[in-house]
Amino acid sequence: MSVIVIAELSKGKIKKASLEATNYAAKIASQLSTTVTAVIIAKAAEASLGDLGKAGASKVLCISNDKLASQDSQLMTKALEQAVAAESADVVVFSHDFTSKAVAPRLAAKLKAGFVPAAVGYPSIEGSAFSVKKNVFSGKAIADYVIHSTKKIIALLPNSFPVTLGEGSAEIVDFSVNLEGIESRIKVKEVKKESNELSLPEAELVVSAGRGMKGPENWGIVEDLAKSLGAATACSRPVSDIGWRPHHEHVGQTGIAIRPNLYIAIGISGAIQHLAGVNGSKTIVVINKDPEAPFFKAADYGIVGDAFEIVPKLTAAIKQFKANQH
Amino acid sequence: MKILVCISKAPDTTTKIAFKDNDTRFNEDNVQYIVNPYDEWYALVRALELKESLGGNVTIINVGPADNDAVIRKALAIGADDAVRIDADPSDAYYVAEQIAQHAKSGNYDLIMTGKETINYNGASIGAMLAELLDLPFVSLATKLEMSGNTATIEHDIDGGTEVVECTTPFVLSANKGMAEARIPNMRGIMAARTKPLTIVPVANAEVLTSIKNYQLAAGRVDCKYISADKPEELIDLLHNVAKVI
């Protein structure tokens, strides 16, 4: 009855959020005196699978099946159900990302497993009592959820814990699933993806900008600052609505919720709906020319002034700082 | 085309969040309830647009007590044809999904829509659970939906981008921003909503798999520390040595 963690590959590497979820699963497994089995849609020859062992998995089940190429949640659920059964797992851990939002609730319904999405803490396990905390009210509160069922599924909010890799190694095995007689009804026609960008939900550092930038042509200084830090870029809702920036960069209540270590907001006033998507960030820096901008009330550090002057100076200072570190 | 739109009741976005009974329950005093924005602005309005262009019927479904009828009438005022309320306490996602699934099984719906998540519990679970319980395909976080015969073309959010997929009916979809523009009910709609059919369905047998033990407010931030616009080094020093994030 190992603890199962569902891992994903991105560009030939195990996603950081998957390593974090593996660490998390390992902590649960040690409390339950069992081990972690990672399940991944990949070929067993994939070079980076060893990282799952370093993150705490004892075994990796590799599922390789053409029918899963489109990641249809209906077929993914059938495949994962077979892995859960083979391992007699009672606890399944996902990272709360795009794939898990479609697959984890399905698997929960299939297994009649109590499901806690967007969990933010380690579960409290005392005998058969099992509870785990999740964000509610769009980040304004935290609720402690008790899971009553024997089978339990938790989807961990990315960037809840730092990733640690140790010396462990995992046994990597092929796991064949039976998907005969089931055909996907979802046909993928087109994928529009910025392949060379940092994944926003996984990014530890995020530089975000809003209407204060006055126009899309001024984003160069935002990108320069992000580049100097190795940060991902994001934007506020109005900016994505008017098409200055792509929709997938929009963070906030109607966009995506993120919780990086550092969130730098440039020219964003800090509407309550925007804060709902970023208030889990560990450190928030606000740069705004309006000293009354509500975002300052939610910030750790603030600079009042003209972004067009401050941002390039900050970028130069960061480059200097990085140069001194080496 | 028969469309079922699942709606949830949510506190107005400006609500001050507070708890009572030793932090075991949400304090509803003076709370103004609305239709969960994702369910209304994106799922319901797009369903109505499809009905207006292709014909058909839009049914609203909600799981909750009689208090919810006011919110259901709001959704009817926007233009849905009829509504179903399942008289059950909506405490656990699986339990709610089971209630809706047991109704939807016999409804012959071509399309079942939910919002991407509620703004109070942020679970984003009901759509996918429903799809599993009904053994239907599920498309999450849809930002565009067009129908041609029984084939839908859907654009939806994926990690770092978007994907366009085709799916034949019936299926379940969760709606994200972009699907439609919010509509404000007019007086005629509000009057008509009073007499539109609202069927109360008794609770179906289903297990409650999770429950909330207690709540706590998220830790607020201590006062913002201001740094002079001329001293970016000071910010870097604080981020490196105090916050330890760079």
Side-chain angles (χ1 to χ4, degrees), chain A residues 73-74 77 97-98 101-102 105-106 108-110 112 114-118 131 135-149 185-194 197 199 229 248 254 261-262 272-273 282-283 296 298-305 310 313-314 317-318 321, chain B residues 13-14 17 19 93-94 97 119-125 128-129 131-133 136-141 143 153 157-168 171 177-178 207-218 221 224-227 229 232-233 235-236 238-240 243 245-246:
Chain A
S73 61
Q74 204 170 6
T77 302
D97 58 15
F98 286 84
K101 279 178 193 171
R106 284 196 85 125
K110 184 83 195 176
K112 278 199 185 185
F115 176 48
V116 179
S131 70
N135 279 347
V136 290
F137 294 100
S138 300
K140 287 176 225 155
I142 294 165
D144 199 358
Y145 276 74
V146 181
I147 305 183
H148 304 293
S149 49
R185 272 170 47 204
I186 297 179
K187 288 187 186 67
V188 178
K189 307 301 279 186
E190 190 185 353
V191 178
K192 303 173 197 168
K193 218 170 173 173
E194 305 288 339
E197 282 179 21
S199 158
L229 283 163
H248 69 260
T254 48
N261 287 340
L262 174 61
I272 193 162
Q273 292 82 359
K282 286 181 190 71
T283 301
F296 285 116
D300 298 286
Y301 303 112
I303 302 180
V304 179
I310 294 167
K313 272 191 213 164
L314 185 58
I318 283 167
F321 165 77
Chain B
T13 48
T14 56
I17 305 301
F19 303 103
Y94 173 78
I119 60 168
N120 39 356
Y121 291 98
N122 310 105
S125 304
M129 286 184 175
E132 187 60 30
L133 295 170
L136 293 176
F138 174 61
V139 181
S140 58
L141 303 170
T143 53
T153 303
D157 289 345
I158 56 170
D159 194 7
T162 55
E163 184 179 79
V164 180
V165 299
E166 268 182 13
C167 188
T168 51
F171 65 95
K177 193 185 85 137
E207 283 177 60
V208 174
L209 303 179
T210 63
S211 58
I212 293 175
K213 189 160 68 174
N214 56 53
Y215 296 89
Q216 66 191 87
L217 287 173
R221 284 174 204 272
C224 176
K225 182 175 170 54
Y226 287 92
I227 293 134
E233 311 76 31
L235 176 64
I236 292 166
L238 288 165
L239 293 177
H240 182 62
V245 290
I246 61 168

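Each chain gets a letter, A, B and so on, in the order its sequence line appears, and its residues count up from 1.
Between chain B and the options A:Ile272, A:Ile142, A:Ile310, A:Leu229, heavy-atom pairs under 4.5 Å are most frequent for A:Ile142. Between chain B and the residues A:Val188, A:Ile318, A:Ile303, A:Val146, the largest count of heavy-atom pairs under 4.5 Å involves A:Val146. Between chain B and the options A:Lys110, A:Lys282, A:Gln273, heavy-atom pairs under 4.5 Å are most frequent for A:Lys110. With respect to chain A, the highest number of heavy-atom pairs below 4.5 Å among B:Tyr215, B:Tyr226, B:Phe19 belongs to B:Tyr226. Most heavy-atom pairs under 4.5 Å with chain A: of the set B:Ala131, B:Ser211, B:Gly178, B:Ala97, this distinction falls to B:Ser211. Chain B forms the most heavy-atom pairs under 4.5 Å with one residue out of A:Asn261, A:Ile186, A:Asp97, and that residue is A:Ile186.
With a threshold of 4.5 angstrom between heavy atoms, B:Thr210 approaches chain A through its backbone and through its side chain. With a threshold of 4.5 angstrom between heavy atoms, A:Thr77 approaches chain B through side-chain atoms but not through N, CA, C or O. Interface remark: B:Glu207 contributes side-chain atoms only to the contact with chain A (heavy atom separation under 4.5 Å). With a 4.5 angstrom heavy-atom cutoff, B:Ile236 touches chain A only via side-chain atoms. At a 4.5 Å heavy-atom cutoff, B:Ala93 makes no contact with chain A through either its backbone or its side chain. Both the backbone and the side chain of B:Ile119 come within less than 4.5 Å of a heavy atom in chain A.
For A:Arg185 (side chain) and B:Thr168 (main-chain N/O), a donor-acceptor pair under 3.5 Å exists by modelled atom type. With hydrogens and angles disregarded, no donor-acceptor distance shorter than 3.5 Å links the side chain of A:Asp144 to the backbone of B:Asn214. In this structure, the side chain of B:Arg221 does not engage the main chain of A:Asp300 through any donor-acceptor pair within 3.5 Å.
Ring pair B:His240/A:Phe321 is perpendicular by interplanar angle, where above 60° counts as perpendicular and below 30° as parallel.
Residues B:Tyr121 and A:Phe137 bring their aromatic ring centres within 6.0 Å.
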